[in-house]
Every structure is written in structure tokens, then in C-alpha cells.
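Quantities reported herein were computed from a predicted structural model and do not represent experimental measurements.
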Amino acid sequence: MKSTGQYPRGENIWTVVDFILLGFSDIPKLQGFLFGVILIMYTTILMGNSLIIIITKVDASLQTPMYYFLGNFSFLEMCYVSVTAPRLLADLYRQNRSISFVACAVQMYFFLILGGTECLILTIMAYDRYVAICNPLLYHLIMNNRLCLQLAVVCWVSHIPVYTGFTYHVFSLSFCGSNQLNHFFCDVPPIVQQVCGDIYMTQMLIYIIALLVITIPFILILVSYVNIISTILKLPSATGRAKAFSTSSSHLTIVILFFGSGIIVYLKPVSSPYTGMEKILSLIYTIVIPMFNPLIYCLRNKDVMIALRKLHNSVLSCLKNIFNLF
């Protein structure tokens, strides 16, 4: 960075050329191990979610609103994790943690947009389960194709103007002090900590956005599941209760892990030091949870497992026919 003058309090104001992502440089002996683990996790995410997208498109039995949103969710997870994981892997491999000002802004922008989209899609998935379990006779009437498409569009585009304005606001501020970010990607808290002067307005914007995008959806999901669980407990059939729990518990598990870690990170005052715990929590909602999504939705879902077996048999049959030609 280069100095552009003196800040009134005596601090240097800098024109930022690049940032340094410290990442996990404080544990140099584990760099190779972390690279291997994260590479495996990233590969699992891409392969697992690609498989979910394929089976929800080709299997006729999965052409329902639940699996329509699951397909959207899987595609989103692939995009979401690709914002941070490749950069983290590159930093761990080459030990060059420099990221340009523009690249940092772009990374934060897409991370916020895709993270906000995930919050909304998880909320819609909870609503879908609420309608399916609490109003089963009206389910196909309420969750029709037109409404599903409209809800998906809202999830993907509704918050783009908000995050466009917020990202512009953050990267229009003046920075002073060190250009080192104690994180493995360009996230809001560590960047704002490098801002000069009063950050009260920025902190309020963070709280408002976190309230609208994280807290309120989380509350709506919890309310949906209170009604879902209440309805499930009233079902006369033990088999019916087990099936309803199996289709809902996996979604609720993801919700608690994702929103819980996100709330802790983004509702913490920006002025507080960014510690190793926040980096671990960020690692959980950026990479760990997306890795478990395909495992949970596949292994705990009977319909998906049946579809996977059918796809497996079809692939084997096609390969067998090809080999027979030779």
C-alpha cells in the first residue's frame, strides 16, 4: 500500500493496492495437511452436489417442489464454496497470500450474494416442508410450478442491489494501519477492522443486513419447524412420523449449523479482534457444511437413494452395451 497523507488522529491513511490474507499462516506445520483436507472437501462438494443436480433433473420421481429447491440449493453450494475454496487452496500451496483490492472486493461481493441466497433458499425449503406436512391436501395447489419459479428467482436476485450498495460503501472507505487481514478470504469483519475513523454507520449496516438476511430467516425457519414437529407428533402412524422426520431433520441440521455459525460471526462487534475461533466458524459455514449437504440429503433420504441406484444401474447398462459393441 502507499501513503496518501495523515489522518487527523495521527494515523496514516493508505491507498490500498492489495491485502494480505493471513489465513492459517500461524500454523505453518499444518499447511500441507490443510491443503489435502480442504482439497478433498472441495472435490466432495463439487461431485456430491453435481450428482444431486443430475438425479433431480433426470429422475421422474424427483420432479417435485422439494427436489426442485434441492437442485437449486446444490448448484448454489457449488458456486458458494468456489468463491473461497480455490483461493484458500492456492494460498496454502504457494504461500503467496496477496490479493488485489479489486479481487478482494469481488470475492466479498459474490460471497455475500451467494450467502444471502443460501439463507433465503433454506427458508423456502423450510416453507416447502411446512406446507407438505401441515397442509398435505393443498400442497400441490400451493406449491405449483409458477410459485416455485417465482420463489427461486426471488432467492437469487432480491438482495443483489443491497449487497452491491454495501460492497461499494465498504470499499469506498479509507483504510489505515496494516493491510493484513486475519482471515482466509475477504470477509466483512476483518476488512472493516482496517477502516479509518468512525465505523458506526458501517456497523449499523452490518447489523441491519444480518438481521434481514440471517436472523429473520432463521426465526421463520424455526417457527416453521415448531409447527412441523407439532404436526408430526400428531400423526397416528409411526411409519408416517418416521418418514416426516427423516425428510425434515436433515434440513434442520443444516440450518442450525449454517445460521448458528453465521450469527456468531456477523453479530459480533466489528471492533472486537478477529480470532482463530471466528476463522474456524467461517470455515464451518463456507466449506464444512457444504461438504455435508450432499451426504445428509442423500444418505438420509430414501427417494434420493433409490434414484441414485437407478442412475447407477442405467450407467452400468449403458457401459455394458458400449463394451458389447466391441
Side-chain angles (χ1 to χ4, degrees), residues 1 4 7-16 19 21 80 83-84 99 101-102 104-123 154-223 255-256 258-282 284-286:
M1 297 185 296
T4 59
Y7 189 63
R9 295 184 306 178
E11 299 174 284
N12 287 328
I13 298 180
W14 304 89
T15 298
V16 178
F19 289 107
L21 295 170
Y80 177 68
V83 173
T84 57
I99 183 171
F101 182 81
V102 173
C104 189
V106 170
Q107 186 185 51
M108 191 186 88
Y109 176 66
F110 281 104
F111 174 77
L112 291 176
I113 286 180
L114 295 171
T117 302
E118 179 154 352
C119 292
L120 294 180
I121 287 186
L122 285 170
T123 306
V154 168
C155 289
W156 281 96
V157 306
S158 62
H159 48 279
I160 290 178
V162 174
Y163 285 129
T164 300
F166 178 74
T167 303
Y168 177 80
H169 166 76
V170 170
F171 283 89
S172 296
L173 299 171
S174 298
F175 296 86
C176 57
S178 172
N179 68 332
Q180 295 183 342
L181 302 179
N182 187 22
H183 210 345
F184 59 89
F185 73 99
C186 291
D187 201 3
V188 176
I191 292 174
V192 174
Q193 284 182 356
Q194 307 302 322
V195 172
C196 296
D198 187 8
I199 59 171
Y200 176 78
M201 181 60 69
T202 304
Q203 179 74 80
M204 288 300 102
L205 286 174
I206 293 172
Y207 284 155
I208 291 171
I209 293 174
L211 177 67
L212 294 175
V213 178
I214 301 177
T215 309
I216 291 179
F218 185 50
I219 292 173
L220 291 174
I221 292 172
L222 291 181
V223 170
V255 164
I256 292 174
F258 179 77
F259 281 93
S261 55
I263 287 172
I264 293 173
V265 170
Y266 288 101
L267 292 185
K268 178 182 177 181
V270 171
S271 56
S272 301
Y274 211 75
T275 65
M277 179 56 67
E278 280 77 18
K279 282 192 285 188
I280 292 174
L281 289 172
S282 297
I284 288 174
Y285 64 73
T286 56

How close do [X] and [Y] get, heavy atom to heavy atom, and via which atoms?
| X | Y | value |
| --- | --- | --- |
| I214 | G262 | CD1-O, 4.4 Å |
| P190 | H183 | CG-CD2, 3.7 Å |
| L120 | V154 | CD1-O, 4.2 Å |
| Q107 | T84 | NE2-CA, 4.0 Å |

Would you find a donor on one side and an acceptor on the other, under 3.5 Å apart, between the side chain of H159 and the backbone of T117?
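Between the backbone of T117 and the side chain of H159 there is a qualifying donor-acceptor contact (under 3.5 Å).
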Output yes when a side-chain donor or acceptor of D187 lies under 3.5 Å from a complementary backbone atom of P189, and no otherwise.
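Checked: no pair found.
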Side-chain heavy atoms of [X] within contact of [Y], under 4.5 Å:
| X | Y | value |
| --- | --- | --- |
| T202 | V195 | no |
| W156 | I113 | no |
| F185 | I99 | no |
| S282 | V265 | yes |
| V223 | L220 | no |
| N179 | Q194 | no |
| Y163 | V213 | yes |
| I209 | Y266 | no |

Run the side chain to side chain contact (heavy atoms under 4.5 Å, CB included) check on K279 and N182 step by step: do they pass?
CA-CA 8 Å; K279 282 192 285 188; N182 187 22; 3.0 Å; yes
Taking the inter-plane angle between the rings of F101 and F171 on a 0 to 90° scale, is it parallel (under 30°), tilted (30 to 60°) or perpendicular (over 60°)?
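Plane angle over 60°, so perpendicular.
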Which residues satisfy the disulfide bond (SG atoms under 2.5 Å apart) test with C119, sequence neighbours excluded?
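So C119 forms no disulfide bond (SG atoms under 2.5 Å apart) with any residue.
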With sequence neighbours excluded, residues passing disulfide bond (SG atoms under 2.5 Å apart) with C155
none
Roughly how far apart are [X] [atom1] and [Y] [atom2], rounded to 0.5 Å?
| X | Y | atom1 | atom2 | answer |
| --- | --- | --- | --- | --- |
| Q193 | Q180 | CD | CD | 13.0 Å |
| L21 | C104 | CG | SG | 6.5 Å |
| L173 | Y168 | CG | OH | 10.5 Å |
| I216 | I221 | CD1 | CD1 | 12.0 Å |
| L112 | L114 | CG | CG | 9.5 Å |
| I263 | F258 | CD1 | CZ | 10.0 Å |

If you draw a 6.0 Å radius around CZ in F110, do more than 12 non-hydrogen atoms from other residues or ligands fall strictly inside?
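12 or below, so no.
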Is atom CE of M204 surrounded by more than 12 heavy atoms (other residues, nucleotides or ligands) closer than 6.0 Å?
yes
Decide side chain to side chain donor-acceptor pair (under 3.5 Å) for T164 and Y109; before the verdict, give the C-alpha distance in whole Å, the side-chain angles of both, and the deciding distance to 0.1 Å.
CA-CA 7 Å; T164 300; Y109 176 66; 2.9 Å; yes
In sequence, state the C-alpha distance, the side-chain angles, and the governing distance for F19 and F175, and then conclude on ring-ring contact (aromatic ring centres under 6.0 Å, His included).
CA-CA 11 Å; F19 289 107; F175 296 86; 5.7 Å; yes
Just one of V192, I199, V170, L211 clears the side chain to side chain contact (heavy atoms under 4.5 Å, CB included) bar with I206, so which one?
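When side chain to side chain contact (heavy atoms under 4.5 Å, CB included) is applied between I206 and each of V192, I199, V170, L211, only V192 qualifies.
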